[in-house]
Number of protein chains: 2
Amino acid sequence: MKTETRKDEIIKTAAKLFKEKGYSAVTMRDLASAMGMKAASLYNHIKSKQQILKEIIITLAEEFTSGLRQIQQSEKSNIKKIEEVVKLHVKIASQNPYGMASLNNDWMHLEEKLDYYLELRTNYEEELREIIAEGVKKDEIIDENIEIMLFSILTTLRSLYSWIPKKEYRNPEKLSQQLSTVLIQGINKN
Amino acid sequence: MKTETRKDEIIKTAAKLFKEKGYSAVTMRDLASAMGMKAASLYNHIKSKQQILKEIIITLAEEFTSGLRQIQQSEKSNIKKIEEVVKLHVKIASQNPYGMASLNNDWMHLEEKLDYYLELRTNYEEELREIIAEGVKKDEIIDENIEIMLFSILTTLRSLYSWIPKKEYRNPEKLSQQLSTVLIQGINKN
DNA sequence: GTCTATATGGGGATAGAC
DNA sequence: GTCTATCCCCATATAGAC
């Protein structure tokens, strides 16, 4: 557990601002002002605006990748694996909802690391697709269009960051369980 | 059916660019270049960059508002109403996937019309919440956390624009039906 | 209706004093 | 580690010729 450096503070503050207005609309002067300093001073801690975005996004993308890999390697039913994926998203989004906004909305502004990010993203989708396809094959999951099931689940999980800061969702265990119910069982009573 | 004016073309092209990089990162030079003209020439057709965003977003927001009002006033079961809401989103997103990106991601860059937009958005969510709450009360919908059901459905519908341009989803009827199944019945087989 | 030229402001980033 | 001053570039938008 390292102590938080000034650089970490800057990145955290930047993520908060990026969530409100997006990467392109946030200026280094905005960021400096939120930190209580002048824009030029930021550059003693970070190399560039682009580096801030890169650190926010790549860190999160790698967390998802390694989290999913662990789930994939476990010996659970595919429905259980999906429940674990829900937990993974709730956990990461709870810890860092601001960063999640950049991951979802500002990845296209990555320069150097864009290809790497896209690779992680594509692989993530592909692995989740395989969990669903396996579930269909083993009769755990209905034989409906896999892409629709995949994107329905994934887009809900990806937008978690936008409502997780609200009061009702401070209990990650409970939220994960309720969300799994809705995503897996649907909302229909009959 | 009016013929498409140059202004309409500019707005359509702008929406396409906004979808790729977001409002703030698209310059009037980018837009002009995509239109095969110089930036200054754009101003013979539109008043400002801000006006383009406003037209894209407010038009769509009003379409959703009036669409939902019609559904709300019909005499259907609440589950049927949700199916109609799915159809509404599929229809609008199919007609204008580029504009939907701005509606979802760039509304915070609205200046003059921001408050109006937020009012429409809040009302939309509130009406949909009431449909779900009614459904729970009448035993059509499970008695699970309403906010979670609402946001799970809504975020899936809101992100439709990002995957609707793909080949498999060109049939709005079929897509609506499959998506309703997944959202309402879930994915579980047992 | 499109162009060139330009006004005006703000962006990211660096130099060098303290 | 923070500041002031500044560089250089590009943003939106307008004026006025063709």
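Throughout, a chain's letter reflects where its sequence line sits, starting with A, and its residues are numbered from 1. FYI, side chains are in, hydrogens and waters are out, and symmetry mates aren't considered; it's all heavy atoms of this structure.
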Visitor: Each nucleotide in nucleotides 5-18 of chain C should get exactly one letter: B, S or -. Can you fill that in based on protein heavy atoms under 4.0 Å?
Guide: B-----BBBBB---
Visitor: To the nearest Å, give me how far apart NZ (K38(B)) and C1' (dA11(D)) are.
Guide: 16 Å
Visitor: Taking only residues two or more places apart in sequence, or in another chain, which ones meet T122(A) in a side chain to side chain contact (heavy atoms under 4.5 Å, CB included)?
Guide: none
Visitor: Residues in salt bridge (Lys or Arg N to Asp or Glu O under 4.0 Å) with E130(B), at least two apart?
Guide: none
Visitor: To the nearest Å, how far apart are M37(B) CE and dG1(C) P?
Guide: 9 Å
Visitor: Hey, does the side chain of S41(A) come within less than 4.0 Å of dG1(D)'s phosphate (OP1/OP2), counting only N and O?
Guide: no
Visitor: Checking E55(B) now: which residues fulfil side chain to side chain contact (heavy atoms under 4.5 Å, CB included) with it, not counting sequence neighbours?
Guide: K7(B), I11(B), Q51(B)
Visitor: Between dT12(D) atom P and I10(B) atom CD1, what is the distance in whole Å?
Guide: 14 Å
Visitor: Between dA13(D) atom C1' and H45(B) atom NE2, what is the distance in whole Å?
Guide: 15 Å
Visitor: Rounded to whole Å, how long is the line connecting atom NE2 of H109(B) with atom C1' of dT12(D)?
Guide: 16 Å
Visitor: Sequence neighbours left out, cut at 3.5 Å: what donor-acceptor pairs do the side chains of residues 23-31 of chain B make with other protein atoms?
Guide:
| from | atom 1 | to | atom 2 | distance (Å) |
| --- | --- | --- | --- | --- |
| Y23(B) | OH | Q50(B) | N | 3.3 |
| Y23(B) | OH | Q50(B) | NE2 | 3.3 |
| S24(B) | OG | H109(B) | NE2 | 3.4 |
| T27(B) | OG1 | R29(B) | N | 3.3 |
| T27(B) | OG1 | D30(B) | N | 2.9 |
| T27(B) | OG1 | D30(B) | OD1 | 3.4 |
| T27(B) | OG1 | D30(B) | OD2 | 3.4 |
| D30(B) | OD2 | K21(B) | NZ | 3.4 |
| D30(B) | OD2 | T27(B) | N | 3.0 |

Visitor: Who passes salt bridge (Lys or Arg N to Asp or Glu O under 4.0 Å) against E126(B), sequence neighbours left out?
Guide: R129(B)
Visitor: Name the orientation class of the two ring planes belonging to F64(A) and Y124(A) (parallel below 30°, tilted from 30 to 60°, perpendicular beyond 60°).
Guide: perpendicular
